[in-house]
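Report on one structure; see the data block that follows.
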There are 2 protein chains.
Amino acid sequence: MAATIFDVAKRAGVSIGTVSRVINNRDRVHPETRERVLQAIRDLDYHANALARGLASQQTATLGLVIPQVNDPFFFQVVRGVEEAASAANYSLLIASQSRLPASERRYLHLFRRGHVDAMVLASIEVHAHEVQEIVEQGIPVVLVQLDIGRNIPTFLADNYGGGRAMAEHLVVEHQYRRVAYITGTDHTPDNRERLRALRDVLHENGLDLPGEYVVEGDYLRDSGYRAMQRLLELPTLPDAVFAANDQMAIDAMMAIREHGLSVPDDIAVVGFDDLPLASYVSPPLTTVHQPVYELGWHAGQMALEIIHTQGDRSALAAPNKLLLPTSPVIRRSCGC
Amino acid sequence: MAATIFDVAKRAGVSIGTVSRVINNRDRVHPETRERVLQAIRDLDYHANALARGLASQQTATLGLVIPQVNDPFFFQVVRGVEEAASAANYSLLIASQSRLPASERRYLHLFRRGHVDAMVLASIEVHAHEVQEIVEQGIPVVLVQLDIGRNIPTFLADNYGGGRAMAEHLVVEHQYRRVAYITGTDHTPDNRERLRALRDVLHENGLDLPGEYVVEGDYLRDSGYRAMQRLLELPTLPDAVFAANDQMAIDAMMAIREHGLSVPDDIAVVGFDDLPLASYVSPPLTTVHQPVYELGWHAGQMALEIIHTQGDRSALAAPNKLLLPTSPVIRRSCGC
DNA sequence: TGATATGATGAAAGCGCTTCAAACTAACCA
DNA sequence: TGGTTAGTTTGAAGCGCTTTCATCATATCA
């Protein structure tokens, strides 16, 4: 059996209270006593039981992370970011992927209800504002990633609008494309909407229009870009450039164009959003917008830790609660450069 | 504050022991009493505290998963697999990525030392056999994924040899390539060695040789395939086919070949291993070997749970402790098909 | 009718830690 | 010399559960 604090106390000839103070660097302990305790800890290879500690102190040194069930390397980057922030602070990371169950059965809510975590990071999941509110009201800090529910909750977002603008300007101003089409992601997600808004704004500012038939619906997933592109290719006036809401669809769109006997970028330019590793390997290499995914995760984890450590200190909550991380266009070949 | 078992007991007019029995479906409880307790639980929105429960019962309903720090979508699949196995059994998943710290500081060892998890899954990390032994001796079941330390520990591996053979035969027998080169992964990993062994065997069986200069060293990572291929291209007699230890390097090798003014697969065929999503998008689409990564994770999680539930039942440990999951060649274009 | 199962519940002892009031010690001051 | 005080340490009460053992009805049998 593993050694307990009791064993350490006995060996060092002190009470468990003293051992606890040594472990936690609390109050003052006589240097000699401290050394004796530390020696006993070494001798017994003692490691404090995390559960007992959590129960007694009401702190678990654990962060909860909820991600969608989708199989997307995107989220792995978020996971890595949060994990590294957590482990650098000696916190553990408890992961839950959002299940398809109805809200009443959502397991991830148990994470906090059961006192399992000190804070939660929710990444691009479907969640109701009142659910989040409930968590926060129970005293568990929540940080959101790529997900905005419009309450006063710390939120980390990639700058979708800014990235979308930069890309749109690249197409419209530098390349002088005149008929730009857009393949949407899932309609309700804010990232998709921001990217579309950016394109529309840039077009307007340049005296151009985004006709309804140039906005075709996709869902971010494989194939949907292909089908969307097919619809565009049936139009009487073909676009000269296509902005897809993510790389996956952009790549599928390129396929559709090629199968249609046209060339990318000579006949139709194609650009995406995300900068998947994949983007640089397709041919032509995809021009896209880089998203700081790892950084989103890292900052979110960091923020969660900060809030934990300033609990009750209301002034801390006055910090900006919506942070945009910069996105940057990655110019390759598919735009015509 | 969240309701405790005490609150529920008071509201239902019973003792906490009875509430506990209802929660855990233990012993028998009078149907009427049970209903009264359940109603109180609903009324108070009670959720048992996981820490207290874990402390009292010495079971945490949590699985620990350790992955390398590498940034590889491969591991995300493993994570997903384990996570789904865990959550289907109402277990949580605690993740730790292996840090670069010296063994004495390896945080993930704390996961179990501190009584945090009921079992651990170690995935392709660097670990010493005696460390694993120590964990097991403390009564924490361990399951390995893509990692073989040669002890009597349940291990899930992709069938690297089988997949390597199938691919090698495709090259040598069907395509009749005569000069096949191999770009290695990190030398010490068993997967790499198995794949190489398979190629060598098939060549020998067909009266062919694998000359030393046709085995060039890579490290699985980006660029290393490119450099390895450059070395191959400097040889007096060029290979007619190249087998790379993974897709990433295969793709880089294709680039090097093209930059050298040669064509894939007409001048030199290239195949990989892994079947990254990426593989189907490059041009020509990469012929490779599919690895059941998600399944590896899922089975490992499942096995960990099984061992937990049959603890002490020695007969269970007689089950096969080394499981090969089948890999399958995915024939695309880069092999010449 | 009294002895004996059987079913249902309660009471209390932990699980391994944190934390806080209280106690002890030695040193200092008036 | 008694009273302070600052520095250390102890002891014990939880934290919210599980689990064992004892208890108490009620039903069963000879």
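Below, chain A is the first sequence line, B the second, and so on; all start at residue 1. What you are looking at is a predicted structure, and each value in this text was computed from that prediction instead of being measured.
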For the residue pair A:T155 / A:D148, report whether a side-chain donor-acceptor contact shorter than 3.5 Å exists. no

Nearest-nucleotide pick for B:H30, side chain only, options being C:dG10, D:dT18, C:dA8: C:dA8

Just how far, in rounded Å, is C1' of C:dC15 from CZ of B:R114? 18 Å

Should B:W298 and B:R80 count as side-chain neighbours, where that means a heavy-atom distance under 4.5 Å? no

I want to verify a distance call: between C:dC17, D:dG16, D:dT18, whose nearest atom is closest to the B:T4 side chain? D:dG16

B:N25 CG to D:dT18 C1', in whole Å, measures 15 Å

Once you apply a heavy-atom cut-off of 4.0 Å, does A:L51 come out as touching a base, just sugar-phosphate, or nothing? nothing

OP1 or OP2 of C:dT19 sitting under 4.0 Å from any side-chain N/O of A:R26? yes

Just the rounded figure in Å: distance from C1' of D:dT20 to CG of B:N24. 15 Å

Is B:S57 near enough to D:dC17 that one of its side-chain N or O atoms lies under 4.0 angstrom from OP1 or OP2? no

Judged by atom type as modelled, is there a donor-acceptor pair below 3.5 Å linking the side chain of B:S57 to the main-chain atoms of B:R53? yes

Among the candidates C:dT9, D:dT10, C:dC17, find the nucleotide nearest to the side-chain atoms of A:A52. C:dC17

Less than 4.0 angstrom between a side-chain N/O of B:R53 and OP1 or OP2 of D:dT18, yes or no? yes

Protein-nucleotide distance (B:R28, atom CZ; C:dA8, atom P), rounded to Å: 5 Å

Distance below 4.0 Å between A:T18 side-chain N/O and D:dT10 OP1 or OP2: yes

Taking only the side-chain heavy atoms of A:S15 (C-beta and beyond), determine which of D:dC15, D:dT19, D:dT10 contains the nearest atom. D:dT10

Out of C:dG7, D:dC15, C:dG16, minimum distance to the side chain of B:Q58 belongs to C:dG16

Quick one: on DNA chain C, does B:G13 or B:L55 contact a more 5' nucleotide (nearest heavy atom)? B:G13

